[in-house]
**Q** 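Got a structure here, written out as structure tokens. Questions coming.
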2 protein chains.
Amino acid sequence: MQKASITDIAEMTGLSITTVSRVLSGKAKQYRIGKQSQEKVREAAKKLHYVPNHFAANLRTGKSSTLALIIPSLNNPFFAGIASEINTELRKFNYITIISDSDENVEIEKMELLQMTARNIEGLIIVPCGDQWEHIKEIQDQGIPVVCIDRYFEDLDIPYISTDNYEGAYKATQYLIGNGHSRITCIQGVQTSTPNRLRVKGFTDAMKEAGHEDINIVGDDFTFQNGYLETKLLLQQKQRPTAIFTLSNTIAMGCMKALKEENIHVPNDISLITFDDHPYLDYLSTTLSCIAQPVSDISKIAVKFLLSKIQNKDINTSQVLLKPSMKLRDSIRKIN
Amino acid sequence: MQKASITDIAEMTGLSITTVSRVLSGKAKQYRIGKQSQEKVREAAKKLHYVPNHFAANLRTGKSSTLALIIPSLNNPFFAGIASEINTELRKFNYITIISDSDENVEIEKMELLQMTARNIEGLIIVPCGDQWEHIKEIQDQGIPVVCIDRYFEDLDIPYISTDNYEGAYKATQYLIGNGHSRITCIQGVQTSTPNRLRVKGFTDAMKEAGHEDINIVGDDFTFQNGYLETKLLLQQKQRPTAIFTLSNTIAMGCMKALKEENIHVPNDISLITFDDHPYLDYLSTTLSCIAQPVSDISKIAVKFLLSKIQNKDINTSQVLLKPSMKLRDSIRKIN
DNA sequence: CAATCTTGTACAAACGTTTGTGCAAATTTT
DNA sequence: AAAATTTGCACAAACGTTTGTACAAGATTG
């Protein structure tokens, strides 16, 4: 069974290619194609198992019905969740999503982006993995709508949707302080990323306001390894912190592994809070308190932004920060 | 900056479109294009920021450099892991992957498949979500290589790569039995899926061989909810099982939630083992024993299969089962 | 120096759509 | 019944590539 084309249908029905195309692309009324002809075309299409060739159509129209999503890692449940949401959301609007993970590597990110522009993507949702933005800006300058989520660039006119990272970190820190903690170590992620900067700032501000001048920030990557290593190092200090604040779920996992190896109990020996929620957090040996991001909302708004930009082409960039919520579980001990 | 086409390069260099195309598609030698011309073309391409239009190329060649991956849910870390592996693996071969999740819904699966064939995919890797295979077989009959992973259809000539589910379940059950358990409840997933059937069979066989005729199998879905509900029900029985065997990580999570709500401790009150591994399992209140599937190997072999099929077109279907490994943690108590 | 071979390049068709335009036939209006 | 309008459809160009073929100029051979 060879692939049937519009031409085959034209032959079968005795109508012209033009007419067939118009019926099949839903422009029958617009071009006043007769009811009977419409029927014939549709029937033949069904009979021949016609599937339109998007490549040909796109070549003609320049529209690919394809959107791109680039995230740092599908293996991170936080991003996988976003990917899933966006994927199903876009499907509703008849777009196909090509997802790709940059593996937290700017070079891969650039390569992927190139690949994707070669496929005439109509829009891009990206969680940029570094502090380089030129290649992303370039896409936007080519007239392709771009939305950053989670991580973004503050002073650029690229729209973004993210969590209010400052507030999240600020409140989490306040909460720790409220429970008597003053020696708190923050294990951060990629230093140049905006969310990380804001989280660190939130942490720092809260500490300073409480009069704690000894501010401890370590780490440099949103990875399991980073969390693991930094925690290992931490634990070798003569004076250990009473609480740890990890800036991502991956860091938290690495941290927990190290704690476990050193036989340190949460929250008795040390308190722990992290950015990012995950279902598993509820079942950990100590259920883990976290600052949860509104993943679903972020995804949906991102899609809405993108689609409206694709349709209207108005370039009023919007930048949105959603409120995080703090989920308190059992990983924080009141001391003093 | 408008998109530059091959024509622009032709004009800029004074060469013909043909020549430009041949240089850019790496067929310079084959068609004996002079060194100088090659240089000129490449230079101009760089200067114009030329990005080839895949749609046009594909229209001409019929090759899309696009492969499709359909999984039941990106939110399931097990599948997200597979997606990630396959994505990065395929990128190495210059293929783009379009991923989509069927949300465990056959109708969506069919729709997606249609969308994908419209995009001239060159191959398909799928974790089928139901017991319907006609639409998948049809793809293969159209000459598009297909590989099933994880879930598959036994008596069809569609190649598959999966875990030896029977053995995994058999050994896990044996292990439970070896630890003195006889009242074991198995919470299964989608009953019609092959892995589920084989896992159930492994469970049943092991039970029977041990002389335990009272075989308890409940549930009907690879979901959190199913695990939760079935566990809730289980716990209301007068005589509770001493061990639970969940057939997926999602089911396990639901199960754990129910156990926790009822204040039942693993492994003191009840033992637990599950199919599928996950990093978090190591940090749970009780670290969870599991039958781990060789995700990475499965993904890589699937890709290898697919690519060799695309290249050779030989249709000798291969069907591979990889050995699972049992990861023993602390969730199983020796009784009696 | 004619015949042959090699080298380097260009022409033009084709892939499957979409769409501006044109033009009969049917219908309505005058 | 002629003129004007509406209805229904087709022609042909275009999108950006790839590729079979053709062909001129230079190099090699006899």
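Letters A, B, ... are given to chains in the order of the sequence lines, protein chains preceding strands, and every chain is numbered from 1.
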**Q** Calculate the interatomic distance between Asn120(B) atom CG and dT17(C) atom P; express it in whole Å.
**A**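 One finds 10 Å between P of dT17(C) and CG of Asn120(B), rounded.
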**Q** To the nearest Å, give me how far apart CD1 (Ile6(A)) and C1' (dT17(C)) are.
**A**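 My rounded result for the distance is 6 Å.
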**Q** Can you measure Ile9(A) atom CD1 to dG16(C) atom P for me and round it to whole angstrom units?
**A**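 Atom CD1 in Ile9(A) sits about 13 Å away from atom P in dG16(C).
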**Q** Got a list of protein N/O to nucleotides 24-29 of chain D N/O distances below 3.5 Å?
**A**
none

**Q** Looking at residues at least two apart in the chain, or sitting in another chain, which of them share a side-chain hydrogen bond (donor to acceptor under 3.5 Å, both in side chains) with Glu89(B)?
**A**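 Partners of Glu89(B) by the side-chain hydrogen bond (donor to acceptor under 3.5 Å, both in side chains) criterion, ordered by chain and then number, come out as Lys92(B).
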**Q** For Ser25(A) and for Thr61(B), find the nucleotide of DNA chain C with the closest heavy atom, then tell me which residue's nucleotide is more 5'.
**A**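 Whichever sits nearer the 5' end wins; that is Thr61(B).
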**Q** Pairs in or reaching into residues 55-114 of chain B: which pass ring pair (Phe, Tyr, Trp, His ring centres under 6.0 Å), with residues at least two apart or in two chains?
**A**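 The answer is Phe55(A)-Phe55(B).
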**Q** Which salt bridge (charged side-chain N to carboxylate O under 4.0 Å, His left out) pairs, counting each pair once, include a residue from residues 5-22 of chain B, with sequence neighbours left out?
**A**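 Listed by first then second residue: nothing to list.
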**Q** Using salt bridge (Lys or Arg N to Asp or Glu O under 4.0 Å) as the criterion, list what pairs up with Glu112(A), not counting sequence neighbours.
**A**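 By the salt bridge (Lys or Arg N to Asp or Glu O under 4.0 Å) rule, Glu112(A) matches Arg91(B).
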**Q** Side-chain polar contacts of residues 145-154 of chain B - donor-acceptor pairs under 3.5 angstrom, sequence neighbours left out - could you list them?
**A**
| from | atom 1 | to | atom 2 | distance (Å) |
| --- | --- | --- | --- | --- |
| Arg151(B) | NH1 | Glu104(B) | OE1 | 3.2 |
| Arg151(B) | NH2 | Glu104(B) | OE2 | 3.0 |
| Glu154(B) | OE1 | Arg197(B) | NH2 | 2.9 |

**Q** Quick one: closest heavy-atom pair of Asp101(B) and Ser84(A), and the distance?
**A**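 Residues Asp101(B) and Ser84(A), closest heavy atoms: OD2-OG, 3.7 Å.
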**Q** Between Ile310(A) and Leu67(A), which heavy-atom pair has the shortest distance, and what is it?
**A**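 Residues Ile310(A) and Leu67(A), closest heavy atoms: CD1-CD2, 3.7 Å.
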**Q** For Thr97(B), what residues pass the side-chain hydrogen bond (donor to acceptor under 3.5 Å, both in side chains) criterion, not counting sequence neighbours?
**A**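 Thr97(B): side-chain hydrogen bond (donor to acceptor under 3.5 Å, both in side chains) contacts with Asn87(B).
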**Q** May I have the list of side-chain donor-acceptor pairs in residues 37-48 of chain B shorter than 3.5 Å, sequence neighbours left out?
**A**
| from | atom 1 | to | atom 2 | distance (Å) |
| --- | --- | --- | --- | --- |
| Gln38(B) | OE1 | Arg42(B) | NH2 | 2.7 |
| Gln38(B) | NE2 | Ile33(B) | O | 3.0 |

**Q** Calculate the interatomic distance between Gln30(A) atom CD and dT21(C) atom P; express it in whole Å.
**A**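 Between P of dT21(C) and CD of Gln30(A): 14 Å.
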**Q** With a non-hydrogen cut-off below 4.0 angstrom, is Ser5(B) in contact with a base, only sugar-phosphate, or nothing?
**A**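 The answer is sugar-phosphate, as Ser5(B) gets under 4.0 Å only of primed atoms, P, OP1 or OP2.
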**Q** Rounding to a whole Å, what distance do you find between Leu48(A):CG and dG16(C):C1'?
**A**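 Whole-Å distance recorded here is 15 Å.
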**Q** Please give, in whole Å, the distance from dA14(C) C1' to Asn53(A) CG?
**A**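 In whole Å, dA14(C) C1' lies 13 Å from Asn53(A) CG.
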**Q** Which atom pairs link the protein and nucleotides 6-12 of chain C when you take only N or O atoms and keep those under 3.5 Å?
**A**
| from | atom 1 | to | atom 2 | distance (Å) |
| --- | --- | --- | --- | --- |
| dG8(C) | N7 | Arg32(B) | NE | 3.4 |
| dG8(C) | N7 | Arg32(B) | NH2 | 3.0 |
| dG8(C) | O6 | Arg32(B) | NH2 | 3.2 |
| dT9(C) | OP1 | Ser37(B) | OG | 2.6 |
| dT9(C) | OP2 | Gly34(B) | N | 2.7 |
| dT9(C) | OP2 | Ser37(B) | OG | 3.0 |
| dA10(C) | OP1 | Ser16(B) | N | 3.4 |
| dA10(C) | OP2 | Ser16(B) | N | 2.6 |
| dA10(C) | OP2 | Ser16(B) | OG | 2.8 |
| dA10(C) | OP2 | Thr19(B) | OG1 | 2.8 |
| dA10(C) | N6 | Arg22(B) | NH1 | 2.6 |
| dC11(C) | N4 | Thr18(B) | OG1 | 2.7 |
| dA12(C) | N6 | Thr18(B) | OG1 | 3.3 |

**Q** Taking the side chain of Lys27(A) as its heavy atoms from C-beta onward, which of dT17(D), dT19(C), dG16(C) lies nearest to it?
**A**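 Given the options dT17(D), dT19(C), dG16(C), the side chain of Lys27(A) is closest to dT19(C).
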**Q** To the nearest Å, how far apart are Leu59(A) CG and dG16(D) P?
**A**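 Interatomic distance, CG of Leu59(A) to P of dG16(D): 7 Å.
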**Q** In whole angstrom, give the distance that lies between atom CG of Leu24(A) and atom P of dT19(C).
**A**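 Rounded to the whole Å, the gap is 13 Å.
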